Amino acid sequence: MFTKRLIAGGLTALLIGALSACGGGSGSDNTTRSASGEGQSSSSTTAPKAQPSPDTVTGLRDSVRHLARQTAKGTRPHTVTQCASASKKVRHTSSSGSGSKKKTRTWYTTEQYRKCSKVRSGTETYTRIVRQERWCVSLDDVGGDTGKDDVWYQVTRAAYDEARIADEHARVELTPTGSGC
């Protein structure tokens, strides 16, 4: 009974998450967004151009930079599970009768069980990530301000690819995932 409720609750949460990720709108707007933020309508009628999101920046493409993921080897303690047989004394009671005639009988048994714990057994090597992979684009004249030049933005791989194939000093519109590079 409990597992059915748990499964039903999980499916409900999954459905709500999927609908909210899809937009959950009225369903009449079939506009999809490219990595640069431009709206592309899949309906046969001409839809009005969507406004760019407030996080979208525009500027003239200056340069692009791809920083590969950087890793290093590290060592850490290696632990293994070690188990041993153990026993414990268990007290049992049984009572019969009531009032002054009540009798309680007590007896003990020995139960066997396995006692497990994690113990250190040498070291192991692993690969740790020093720096995540990043794609960056540098823009000039950010937001039309000629004083804002050489501003670096971290972007998605798709936005990086669009900026990489764009001409030097071409107008680019992108949604950054972070600042700096």
Side-chain angles (χ1 to χ4, degrees), residues 1-37 39-40 42-43 50-57 65-137 152-161 174-181:
M1 177 92 173
F2 176 73
T3 57
K4 287 182 182 179
R5 286 184 184 170
L6 186 63
I7 291 171
L11 288 175
T12 303
L14 183 65
L15 181 62
I16 290 171
L19 287 175
S20 64
C22 292
S26 63
S28 61
D29 185 15
N30 293 330
T31 303
T32 58
R33 298 236 176 251
S34 67
S36 65
Q40 299 171 344
S42 61
S43 64
Q51 295 294 325
S53 81
D55 298 332
T56 302
V57 294
R65 182 184 300 163
H66 173 243
L67 298 171
R69 182 177 78 160
Q70 197 173 31
T71 61
K73 293 287 184 188
T75 58
R76 60 183 170 207
H78 179 70
T79 57
V80 294
T81 303
Q82 190 175 39
C83 297
S85 295
S87 61
K88 63 181 174 181
K89 199 173 183 181
V90 181
R91 179 181 169 184
H92 304 277
T93 59
S94 173
S95 54
S96 62
S98 63
S100 63
K101 305 260 187 203
K102 186 170 186 175
K103 292 194 177 203
T104 302
R105 188 172 78 94
T106 303
W107 71 96
Y108 295 90
T109 60
T110 304
E111 288 187 0
Q112 300 291 326
Y113 69 98
R114 300 214 13 110
K115 183 176 184 177
C116 298
S117 61
K118 290 195 173 210
V119 294
R120 185 174 171 173
S121 174
T123 59
E124 64 182 3
T125 59
Y126 70 102
T127 303
R128 64 184 172 88
I129 299 173
V130 177
R131 179 184 68 203
Q132 291 288 348
E133 186 173 24
R134 291 190 301 228
W135 297 276
C136 303
V137 176
W152 284 97
Y153 294 102
Q154 292 180 31
V155 294
T156 62
R157 173 73 190 262
Y160 168 82
D161 288 337
L174 51 91
T175 304
T177 58
S179 60
C181 192

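Keep in mind that this is a model prediction, so the values were computed, not measured. Just so you know, residue 1 is the first one in the sequence shown, and it goes up from there.
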Task: Value rounded to 0.5 Å, distance of CD in E133 from CD in Q70 - done: 12.0 Å

TODO: First locate atom SG of C181, then atom CG of L67, and finally report the distance between them rounded to the nearest 0.5 Å.
DONE: 4.5 Å

Between [X] and [Y], is any pair of side-chain heavy atoms under 4.5 Å apart?
X	Y	answer
V90	T110	no
L174	V57	yes
V155	T175	no

- [ ] Can you run down the side-chain hydrogen bond (donor to acceptor under 3.5 Å, both in side chains) pairs that involve residues 85-96, sequence neighbours left out, and say none if there aren't any?
- [x] H92-T109

- [ ] Please list all pairs passing the side-chain hydrogen bond (donor to acceptor under 3.5 Å, both in side chains) test where one or both residues lie in residues 113-132, with sequence neighbours left out.
- [x] K73-T127, R76-E124, H78-E124

Open item on the list: Show the nearest heavy-atom pair for residues Q154 and G180, with the distance to one decimal.
Closed with: CG-O, 3.2 Å

Task: Closest heavy-atom pair and its distance - C136, Y160 - done: O-CD1, 3.8 Å

- [ ] Only counting residues at least two apart or in another chain, list the ones meeting side-chain contact (heavy atoms from CB on, under 4.5 Å) with R157.
- [x] W135, D161

Open item on the list: List the residues meeting side-chain contact (heavy atoms from CB on, under 4.5 Å) with S179, not counting sequence neighbours, and say none if there are none.
Closed with: none

Task: Residue pairs fulfilling disulfide bond (SG atoms under 2.5 Å apart) with at least one residue in residues 79-109, sequence neighbours excluded - done: C83-C116

TODO: Sequence neighbours left out, what pairs pass salt bridge (Lys or Arg N to Asp or Glu O under 4.0 Å) with at least one residue falling in residues 96-113?
DONE: none

